[in-house]
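This report refers to the structure that appears directly beneath it.
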Amino acid sequence: MNETAPRPFDDGALIRLVDLKKDYRVGTEIVRALRGVSLVIEENEYVAIMGPSGSGKSTLMNILGCLDIPTSGAYFLRGQDVSRVSQSRLARIRGRQIGFVFQTFELLARTSALKNVQLPMMYSQTPHKRQRALAALNRVGLSDRATHRPNQLSGGQKQRVAIARALAQEPDIILADEPTGNLDSKTGDEIMAIFDSLHREGQTVIVVTHEEEIAARCHRVIRLLDGWVASDERTRSVDTRPVVLTERMAPAAVGS
């Protein structure tokens with residue numbers, strides 16, 4: 001792929017999507033996953049992206065996470081157009097600016113919680129990797145589980161390790177894909193309480209979910225249907241006041 005110089009669009013928005021389209025070829029058929037999505041996500045927003053199967057929400061998540069590029073349109077991340085850059089540049093952007101949290105945790109089974117959190121930093125020039133990983137585990141209330149392997153952790157603890165891994169690089173965006181999908185309702189509430197607290201700290205959080213209860217925790221709900229934005233409802237104003245995650249607020253105060 002020939003990389004072109006990113007076009008600037010520095011209007012202060014964290015994310016700006018302009019007429020984003022994504023097509024896939026399946027055999028002889030062209031599937032139009034996104035048909036022209038335009039939206040803006042500001043710093044410190046707490047956003048849910050919802051939609052039924054086939055709505056385009058997974059495609060949109062992949063593009064927002066720089067795992068894929070659109071067929072046409074533009075994706076401006078902090079004013080830089082990242083919709084037409086090379087795979088190597090996309091990888092650098094993912095490593096520095098986006099923290100992922102997945103439904104299936106994606107932890108290495110034979111590796112400690114600490115080393116799982118360190119893993120994304122191993123391919124970068126990030127200094128003090130161990131200290132940063134320990135600090136991230138502490139933020140999610142798991143400093144006492146640093147040496148435990150995934151099979152020694154509950155489902156909720158595994159997801160908290162995954163959140164710590166996402167936080168370790170101090171990303172601009174936390175992108176969570178069905179983060180409570182493999183958890184019971186009580187543990188899911190506890191995981192969402194972490195995202196609530198991170199948002200209050202000033203973190204931008206985007207949650208892809210099909211659960212109305214999860215979306216209700218967020219301050220803005222974007223609903224997709226057939227590749228279009230069907231609705232975009234802001235339920236609460238953006239709170240830009242930074243709040244430190246205290247020990248009482250941290251997940252150490254709740255069950256795993």
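Only this structure's heavy atoms are used, side chains among them; waters, hydrogens and symmetry mates stay out.
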With side-chain contact (heavy atoms from CB on, under 4.5 Å) as the criterion, how do V117 and L167 come out once you've worked through the C-alpha distance, each side chain's angles and the decisive distance to 0.1 Å? CA-CA 9 Å; V117 174; L167 291 171; over 6 Å; no
Minimal non-hydrogen separation, [X] against [Y], with atom names:
{"X": "A13", "Y": "V40", "result": "CB-CG1, 3.6 Å"}
{"X": "I174", "Y": "A166", "result": "CD1-CB, 3.8 Å"}
{"X": "S83", "Y": "G73", "result": "OG-O, 3.7 Å"}
{"X": "N138", "Y": "S143", "result": "OD1-OG, 3.7 Å"}
{"X": "C218", "Y": "T235", "result": "O-OG1, 3.3 Å"}
{"X": "A215", "Y": "V221", "result": "O-CG2, 3.8 Å"}

Heavy-atom side-chain contact between [X] and [Y] under 4.5 Å:
{"X": "R145", "Y": "S112", "result": "no"}
{"X": "S72", "Y": "K21", "result": "yes"}
{"X": "I191", "Y": "I163", "result": "yes"}
{"X": "R139", "Y": "E201", "result": "yes"}

If you group Ile, Leu, Val, Met, Phe, Trp and Tyr by side-chain heavy-atom gaps below 4.5 Å, do [X] and [Y] land in one group?
{"X": "L198", "Y": "V161", "result": "yes"}
{"X": "V140", "Y": "M121", "result": "no"}
{"X": "V208", "Y": "L67", "result": "yes"}

Any salt bridge (Lys or Arg N to Asp or Glu O under 4.0 Å) involving residues 111-121? Give me the pairs, sequence neighbours left out, ordered by first then second residue.
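Found none.
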Residue pairs meeting salt bridge (Lys or Arg N to Asp or Glu O under 4.0 Å), one or both in residues 206-215, sequence neighbours left out, come to E212-R223
Output the distance between atom [atom1] ([X]) and atom [atom2] ([Y]), rounded to the nearest 0.5 Å.
{"X": "I173", "Y": "I93", "atom1": "CD1", "atom2": "CD1", "result": "10.5 Å"}
{"X": "H148", "Y": "K158", "atom1": "NE2", "atom2": "NZ", "result": "13.0 Å"}
{"X": "T111", "Y": "L119", "atom1": "OG1", "atom2": "CG", "result": "7.5 Å"}
{"X": "M192", "Y": "I214", "atom1": "CE", "atom2": "CD1", "result": "5.0 Å"}
{"X": "Q87", "Y": "R89", "atom1": "CD", "atom2": "CZ", "result": "13.0 Å"}
{"X": "R110", "Y": "R149", "atom1": "CZ", "atom2": "CZ", "result": "8.0 Å"}

Using the test side chain to side chain contact (heavy atoms under 4.5 Å, CB included), find all partners of [X] that sit at least two apart in sequence or belong to another chain.
{"X": "A146", "value": "L114, L134, L137"}
{"X": "E170", "value": "R132"}
{"X": "T204", "value": "L14, I41, E43"}
{"X": "E106", "value": "F102, T104, R165"}

key: R200/S197 under side chain to side chain donor-acceptor pair (under 3.5 Å): CA gap, chis, key distance, verdict   = CA-CA 5 Å; R200 288 194 297 269; S197 296; 3.1 Å; yes
According to salt bridge (Lys or Arg N to Asp or Glu O under 4.0 Å), who are the partners of [X], at least two apart in sequence or on a separate chain?
{"X": "R94", "answer": "none"}
{"X": "D172", "answer": "R78"}
{"X": "R220", "answer": "E45, D232"}

Practice item. In sequence, state the C-alpha distance, the side-chain angles, and the governing distance for D177 and V101, and then conclude on side-chain contact (heavy atoms from CB on, under 4.5 Å). Key: CA-CA 6 Å; D177 182 18; V101 180; over 6 Å; no
Those residues at least two apart in sequence (or on a different chain) that pass ring-ring contact (aromatic ring centres under 6.0 Å, His included) with F195 are none
Given Y75, which partner from the list V18, I69, L17 fulfils the side chain to side chain contact (heavy atoms under 4.5 Å, CB included) test?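 Exactly one option meets the side chain to side chain contact (heavy atoms under 4.5 Å, CB included) with Y75, and it is L17.
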With V47, which of L175, I15, I222 fulfils side chain to side chain contact (heavy atoms under 4.5 Å, CB included)?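 Looking at L175, I15, I222, the match for V47 under the side chain to side chain contact (heavy atoms under 4.5 Å, CB included) is I222.
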Using distance only, find each side-chain donor-acceptor pair of residues 25-36 under 3.5 Å and give its atom names and separation, not counting sequence neighbours.
unit_1	atom_1	unit_2	atom_2	d
R32	NH1	D23	OD2	2.9
R35	NE	D226	O	3.0

Examine distances only and state if a side-chain atom of [X] and a backbone atom of [Y] form a donor-acceptor pair shorter than 3.5 Å.
{"X": "N116", "Y": "L108", "answer": "yes"}
{"X": "N151", "Y": "A109", "answer": "no"}
{"X": "Q169", "Y": "G95", "answer": "yes"}

Item to complete: For Q80 and L77, run side-chain contact (heavy atoms from CB on, under 4.5 Å): C-alpha distance rounded to whole Å, both residues' side-chain angles, the deciding distance at 0.1 Å, then the answer.
Response: CA-CA 5 Å; Q80 293 299 307; L77 178 59; 5.8 Å; no
### Message
Evaluate D189 against K186 for side-chain contact (heavy atoms from CB on, under 4.5 Å), listing each step before the verdict.
### Response
CA-CA 5 Å; D189 284 345; K186 178 178 181 295; 5.7 Å; no
Listed pairs under 3.5 Å, donor-acceptor, residues 55-64 side chains, sequence neighbours left out:
unit_1	atom_1	unit_2	atom_2	d
S55	OG	P52	O	2.8
K57	NZ	G51	O	2.7
N62	ND2	S58	O	3.4

* Asked: Hey, what's the ring geometry for Y46 with H219, parallel, tilted or perpendicular (30° and 60° as the breaks)?
  ->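 Tilted, since the angle between the ring planes falls between 30° and 60°.
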Does the side chain of Q103 come under 3.5 Å of the side chain of N182 through a donor N or O and an acceptor N or O?
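A pair is found: one side chain offers a donor N or O, the other an acceptor, under 3.5 Å apart.
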